[in-house]
Amino acid sequence: MADFDLSANFIPSLHKPATLLPIARHRQSLLYLVETYPVTIVVGHTGSGKTTQIPQYLEQAGWCADGKIIAVTQPRRVAATTVAIRVAEEVGCKVGEEVGYSIRFEDVTSASTRIKFLTDGLLLREALVDPLLSRYSVIMVDEAHERSLSTDVLLGVLKKILKRRPNDLRIIISSATLQAEDFLKFFAGDLDIQPKPVVQAAVSLDDLVSQGSLAPSNAGDQLGGNIGRIISLEGRTYPVDVLYLEAPAEDYVDKAVQTVFDIHTKEPEGDILVFLTGREEIDTAVQAISERAANLHPRAQTIMPLPLYAGLSSEQQMYVFEEAPENTRKVIFATNIAEASITIEGIVYVVDTGFVKLRAFNPLTGIETLTATPISKASATQRAGRAGRTKTGKCYRLYTEATFQALEEATIPEIQRSNLAPVVLQLKALGIDNIVRFDFITSPPAELIIRALELLYSLGALDDYAKLTRPLGMRMAELAVEPMMAKTLLSASSFGCLSEILTIAAMTSVGGNIWFHHDGEKKRMETARRKFAVEEGDHITLLNVYQAFITKGRKETKFCHDNYINFKALTRAVSIRGQLKRYLERFGITVDETLSTNANLQPLAVGGPDKGEKIRRCLTTGFFAHAAKMQPDGTFKNVAGGTILHAHPSSLMFNRKADWVIFHEVMETGNKTFIRDVTKIEKNWLVEYAPEFYKIR
DNA sequence: GAGCACTGC
């Protein structure tokens with residue numbers, strides 16, 4: 001290939017022609033492997049073009065010949081849409097024609113779609129309807145090294161499907177270097193099939209070996225057997241110098257700020273990316289930089305600190321992509337969002353504090369924790385790589401080399417630290433009854449599975465033999481909300497409050513804040529919130545907010561602005577509610593909306609004096625395991641009795657009197673355990689709706 | 001009187 005060294009005089013185009021991508025010279029080898037083996041593991045950095053090019057190569061090679069589709073899964077929605085748009089452009093079609101995408105609430109595909117990008121969660125959902133995923137000839141699982149919950153479940157399901165479709169399904173796993181062998185071992189280890197090549201190979205193995213794109217050892221008896229191979233595609237990255245501290249830092253936020261200033265005053269041009277763990281640290285650091293920047297020499301280059309975390313609005317996030325003004329260096333203080341989800345061009349320096357906030361679920365207490373944890377080596381490598389995207393970079397690790405050596409190789413996958421009730425329910429619905437023997441790429445601890453089985457049993461989703469109940473369990477699996485809320489929804493028509501529970505289910509699962517305020521508006525936001533508050537607690541308050549939004553705020557953003565309500569969150573709630581309603585109607589459950597159309601800001605006016613109680617009783621049928629009793633000092637104790645719970649400051653129960661309550665969510669952060677979305681109930685309802693669960697306690 | 005990393009159906 002020609003050696004282009006004109007970068008000093010020319011600006012590179014935004015879109016590299018596909019033939020110039022490093023992947024292009026691996027095209028033949030890649031197609032050969034896919035034709036020959038059921039599983040191909042593709043190793044390549046971002047920028048290698050694997051996500052955009054591989055599906056096109058496959059389509060051109062005839063993998064869609066008999067009307068079959070090539071699926072490419074992504075862990076995130078944005079990735080699925082943006083990549084689809086990009087590939088459609090390259091192919092020269094409109095999105096939704098030959099190239100399309102499918103994500104929750106948005107299916108942009110048609111009968112002519114041959115390449116389809118979708119989230120891995122959605123592909124799993126398709127398996128409920130089409131258990132062998134027979135529409136697809138090739139399924140490529142992208143970013144598998146991230147090991148998200150649904151990626152891991154999908155991999156196990158795909159291995160099972162492959163046993164039934166050894167000759168007409170091809171699987172491609174895209175992974176970072178470190179984990180490639182684990183994926184291959186997973187598929188090849190005990191997969192007892194004799195695959196045959198599907199398409200006549202257009203090139204011979206000898207050709208490829210002599211061209212140098214495949215190592216000769218690929219021909220022999222080696223890892224992967226006749227099941228699969230690993231192929232490595234070079235990415236376009238630049239070397240990064242890694243520097244360590246000589247002695248551990250006492251306060252890494254402090255040290256990060258100091259390091260940023262050292263870089264700013266001593267190092268040549270280039271923006272800085274600093275990895276911190278959360279909003280609080282980021283705000284502190286941004287503040288500190290602003291203060292110290294005032295002391296810089298008036299003629300020196302200025303420094304512009306910018307925050308980046310998921311809680312920011314998209315407008316606020318956009319600043320990090322804008323080019324800094326002249327004579328200004330950008331320094332971005334980011335959470336882990338900058339490690340995989342968001343890529344910022346032009347970063348030359350990375351400051352890595354070595355920590356990340358990780359969620360974990362304690363199967364003994366049923367409580368989730370969110371704590372700052374040391375990162376893994378794989379994570380540290382990924383972070384450092386963020387400095388080498390445009391030219392040679394530097395990475396300052398705010399820990400010692402010995403500390404680095406002691407880090408875990410990879411982050412513990414989510415499946416080993418999550419509440420598995422939704423996973424177990426989903427697997428059961430896919431016909432996988434023996435969860436313990438299910439072939440996970442990494443097995444979850446038995447305690448997590450047991451806890452999940454116990455909860456699903458107490459909710460009535462599983463019977464005495466741990467079989468999925470019908471219709472209840474099956475319907476719970478199909479609803480796109482967690483099991484406790486799914487049970488609540490399916491109880492609602494018998495309480496005569498289905499319309500209301502639909503709204504509450506949607507509002508509690510929007511993710512992100514319902515309330516939104518700018519700096520200095522906190523007091524006014526609290527006042528606005530109080531207008532919607534009701535005595536019974538947070539759930540019915542959420543119902544009031546939604547009702548008001550539907551009637552008054554949907555068309556005018558002023559309503560949201562005046563009441564400090566997050567327009568985006570409420571719009572999302574409307575979509576979720578619509579989707580849940582369609583599911584229920586498919587089950588033959590009719591939703592009577594006539595009683596709930598009169599929106600009302602007045603407390604207790606949810607549709608008559610009894611409605612509130614019906615709603616609270618109904619919530620108890622799903623959330624009995626999340627019950628607590630208020631203590632004289634205003635804190636709560638859970639049913640097991642051991643844990644002290646605090647009402648989250650965003651809850652109405654934060655400073656109100658109550659006796660027994662149920663709550664949507666419990667999470668431990670720092671040293672305190674908070675409950676969110678809290679509603680008052682009567683103690684005897686617990687025994688009434690969950691006799692089995694409460695008979696011994 | 002205090003605060004949630006990130007994602008998904």
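Below, read A as the first sequence line, B as the second, and so on, with proteins coming before strands; counting in each chain starts at 1.
Side-chain polar atoms of A/Thr277 and A/Glu281 form a donor-acceptor pair below 3.5 angstrom. Judged by distance alone, the side chains of A/Thr442 and A/Arg147 do bring a donor and an acceptor atom under 3.5 Å apart.
Pairs engaging residues 119-131 of chain A under the side chain to side chain donor-acceptor pair (under 3.5 Å) rule: A/Lys116-A/Glu126, A/Asp120-A/Ser150, A/Asp120-A/Thr151, A/Arg125-A/Tyr583, A/Glu126-A/Tyr136, A/Asp130-A/Ser134 [sequence neighbours left out]. Listed by first then second residue, pairs satisfying side chain to side chain donor-acceptor pair (under 3.5 Å) with a partner in residues 410-419 of chain A read A/Ser376-A/Thr411, not counting sequence neighbours.
Atoms CG (A/Leu122) and P (B/dC9) sit 6 Å apart, rounded to a whole Å. Atom-to-atom, CD1 of A/Ile103 to P of B/dG8 comes out at 8 Å; the value is rounded to the nearest Å.
Checking A/Thr52, A/Val95, A/Ile70, A/Val87 one by one against A/Phe117, the side-chain contact (heavy atoms from CB on, under 4.5 Å) holds for a single residue, A/Val87.
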Nucleic acid footprint by protein, nucleotides 1-6 of chain B - heavy-atom cut-off 4.0 Å, B for base, S for sugar-phosphate alone: BBBBBB
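Listed pair A/Arg125 / B/dG8 fails the phosphate criterion, with no side-chain N or O lying under 4.0 Å from OP1 or OP2.
Looking at heavy-atom distances under 4.0 Å, A/Leu149 makes no contact with the nucleic acid at all.
Between A/Phe355 and A/Tyr252, the angle of the ring planes stays under 30°, which puts this pair in the parallel group of the 30/60° scheme.
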